[in-house]
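In what follows, every chain begins at residue 1, and chains take the letters A, B, ... in the order their sequences are listed. Bear in mind that the values here come from a model prediction, so they are computed numbers and not experimental data.
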Amino acid sequence: MKVLVPVKRVIDYNVKVRVKADGSGVDLANVKMSMNPFDEIAVEEAIRLKEAGKADEVVAVSIGVKQAQETLRTALAMGADRAILVVAADDVHTDIEPLAVAKILKGVVDEEQPGLVLCGKQAIDNDMNATGQMLSALMGWSQATFASEVDIDGDSATVTREVDGGLQTIKVKMPAVVTVDLRLNEPRYASLPNIMKAKKKPLDEKTAADYGVDASPRLEIVKTTEPEARAAGIKVGSVDELVEKLKEAGVV
Amino acid sequence: MNFGLSDEQEMIVSTVRSFVENEIYPHEDLVERTGEVPSDLAQEIKRKTLDLGFYACNFPEEVGGAGLNHLDFALVERELGRGSMALTHFFGRPQNILMACEGEQREKYLLPAVRGERMDALAMTEPEAGSDVRGMRCTAVRDGGDWVVNGTKHFISGADHADFFIVFIATGVDETPKGPKKRITAFLVDRGHPGFEVRDGYQSVSHRGYKNCVLEFTDCRLPDAQVLGEVDGGFDVMNTWLYATRITVATMSVGRARRCFDYALDYAAERKQFGQQIGKFQGVSFQIADMITEIDAADYLTLASAWRLDQGLDANREIASAKVYATEMLAHVTDATLQIFGGMGLMSDFPIERFWRDARVERIWDGTSEIQRHIISRSLLRPLGA
Ligand SMILES: Cc1cc2nc3c(=O)[nH]c(=O)nc-3n(C[C@H](O)[C@H](O)[C@H](O)COP(=O)(O)OP(=O)(O)OC[C@H]3O[C@@H](n4cnc5c(N)ncnc54)[C@H](O)[C@@H]3O)c2cc1C
Ligand SMILES: Cc1cc2nc3c(=O)[nH]c(=O)nc-3n(C[C@H](O)[C@H](O)[C@H](O)COP(=O)(O)OP(=O)(O)OC[C@H]3O[C@@H](n4cnc5c(N)ncnc54)[C@H](O)[C@@H]3O)c2cc1C
């Protein structure tokens, strides 16, 4: 089985995000970019499937600016076998919307015919949480979202999902789109030999036009603002005082 | 000319950075508090480094290392410099002087060191011979086919964890027009060898938990098989292998300075006095400007000297410049950061006071700042006859 893992280049989770002065978005100039952490978990899971003999090839794909090549190299250094870069924008500030990404991914899936698409449940930059679901709809494949456990067994997969009330276990038919949650696994570091090998692994470059997809934005961003500053907290001396304060605040 | 990192170099840097942040930082307070590295923690760091293929990454592939060149290795060291030395010691980088091992020495010392099975330490300094290495008193004399060694080494880093030692010992004296000149030989000495004892050293203000020890030789008998390189060829092995290791001090200083600087920058942007962020006062903001300028300068100087080694160019002067500049830069950056933190900078609630203490030794070990200036100035003036 071939596993396709879409990975997105996003602002590094350690970076203190700054809103651009004109409110049009977040400032990405000279900012450290990394692989979306949920996608790292997806890459890790795909590699583990390969190590367990359940997958024979792991293909990473990224859709975005040319610099996303670095993100793909990271996936290759972690252990993916090859990579596909679909260039769909020139400006690092352009965020390709989920529907366009899903349509391009459909093109890639049609070509590659993977048995499983493993993606992050959402990207930490815009928190859309939509691409995997849209891809499954476009493909007419089953979907299992927010996975915290994935067990592939021939033509079906048993997936434990993290839902609001707790854990839900479902069985889906393969091929499927599975989106992964935080607790599925702990991604590995790229090993030094794999870093050195990554450059020799194939990385194909395509464009959105190759898949006949118009990736131009359909949503209009009206305004981006800093989150409201949190008011300073206070220290309470006892449980009684805490209860008192909570009552004052009208929360108990 | 290209000042950017390649994709591989970016990945090396980000992997080592993540490793240091996740596997080293969380244990630093413990090491500071206790002055010890628990042995299970040491073994865990070592195992993870081995698993990642980074252990002994400074060694060539044919002996089992990763074959990093000087520049790539400098990038690794720079990131390691961010973390506690007591802990990053187990992200093992054996002395590359071990490449001088021959015959059975390879099986006994070189290969186990690269595999992380045996750790090494290097001993040159003596109570009476620091900068003046040739003035050493530790002596080996011929007796039958063996050498009999007597003397003392001190300040020997990592000796508490070392399984064997590379020790420089005087094996004779030449009479020269400038007076007597000692001949030096490098020996490999196993821990526990009869007549050889490792004792606790001094308490150092820098790098708590990264201990230094005293080595004592009392009629210690060593066969010729323990000679590393040639008899009386100690300075040759030293010159072939050791001067590159001075880049390590420079690169680690740059890494630590960057970590420290991030604290300074954040604090200057957050701390308010007189109704505004202190970073708005020029007294603070100009310090920030000077710090980053010096850090970048030291970074480029260091990487450029590593690059020269890779190109096979003479780099002795450049390495000395990098060592003296980067270590003095670190002294300034840690001190200025502490100043920006005001009183809190001195308190162990923040790592600033530790960076400041740790910085002090960098200007002393691996050749003091004065010795580096001596190397730099001699290399320029000697050819002019001055
Ligand atoms: C924590 C620690 C760990 C160490 N680890 C090791 C180790 O693992 N192995 C090892 O072999 N050594 C080690 N050393 C020793 C270190 O390399 C020496 O401390 C260093 O070379 C200086 O020697 P010294 O301390 O004897 O000072 P000295 O040589 O006595 O120097 C005293 C002062 O005189 C100055 N001076 C000396 N000669 C000149 C000159 N010609 N011109 C101008 N000024 C001069 C020096 O710069 C210095 O300021 C370690 C030292 C420390 C502090
Ligand atoms: C060990 C110790 C004992 C102490 N004992 C006492 C005590 O007994 N009683 C007592 O009352 N206090 C005491 N202090 C407090 C001491 O006086 C303060 O630490 C000192 O005044 C600095 O204040 P701060 O630490 O809050 O730093 P901050 O005032 O926050 O200063 C931070 C940095 O900003 C700089 N800065 C601030 N304003 C400006 C400006 N306008 N222009 C340029 N730069 C500026 C400062 O110079 C400093 O570098 C003690 C402090 C220490 C460390």
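With a 6.0 Å radius and a threshold of 12 heavy atoms from other residues, nucleotides or ligands, A/L242 has its CG atom above the threshold. Within 6.0 Å of CZ on B/R106 lie no more than 12 heavy atoms contributed by other residues, nucleotides or ligands. No more than 12 heavy atoms of other residues, nucleotides or ligands sit less than 6.0 Å from atom NZ of A/K66. No more than 12 heavy atoms of other residues, nucleotides or ligands shown are found within 6.0 angstrom of CG on A/D90. For CD of A/E186, the number of neighbouring non-hydrogen atoms (other residues, nucleotides, ligands) closer than 6.0 Å is 12 at most.
The only member of B/D72, B/L68, B/T15 that meets side-chain contact (heavy atoms from CB on, under 4.5 Å) when paired with A/L192 is B/L68.
Counting heavy atoms from C-beta on, the side chains of A/K16 and B/D266 come closer than 4.5 Å. Side-chain contact check for B/D7 versus A/Q69: some heavy-atom pair is nearer than 4.5 Å. Within the 4.5 Å cutoff, the side chain of B/I12 has heavy atoms near those of the A/M196 side chain.
When all heavy atoms are compared, the tightest approach of B/G53 to A/P193 is CA-CD, 3.9 Å.
Residue B/E21 touches chain A through its side chain alone, counting heavy-atom pairs closer than 4.5 Å. Contacts between B/E10 and chain A at a heavy-atom distance below 4.5 Å are absent for every atom of the residue. For A/N14, the part lying under 4.5 angstrom from a heavy atom of chain B is the side chain only. For chain B, the nearby parts of A/A190 are the backbone and the side chain; heavy atoms of each come within less than 4.5 Å.
The structure places CZ of A/R188 at 14.0 Å from NZ of B/K48, a figure rounded to the nearest 0.5 Å.
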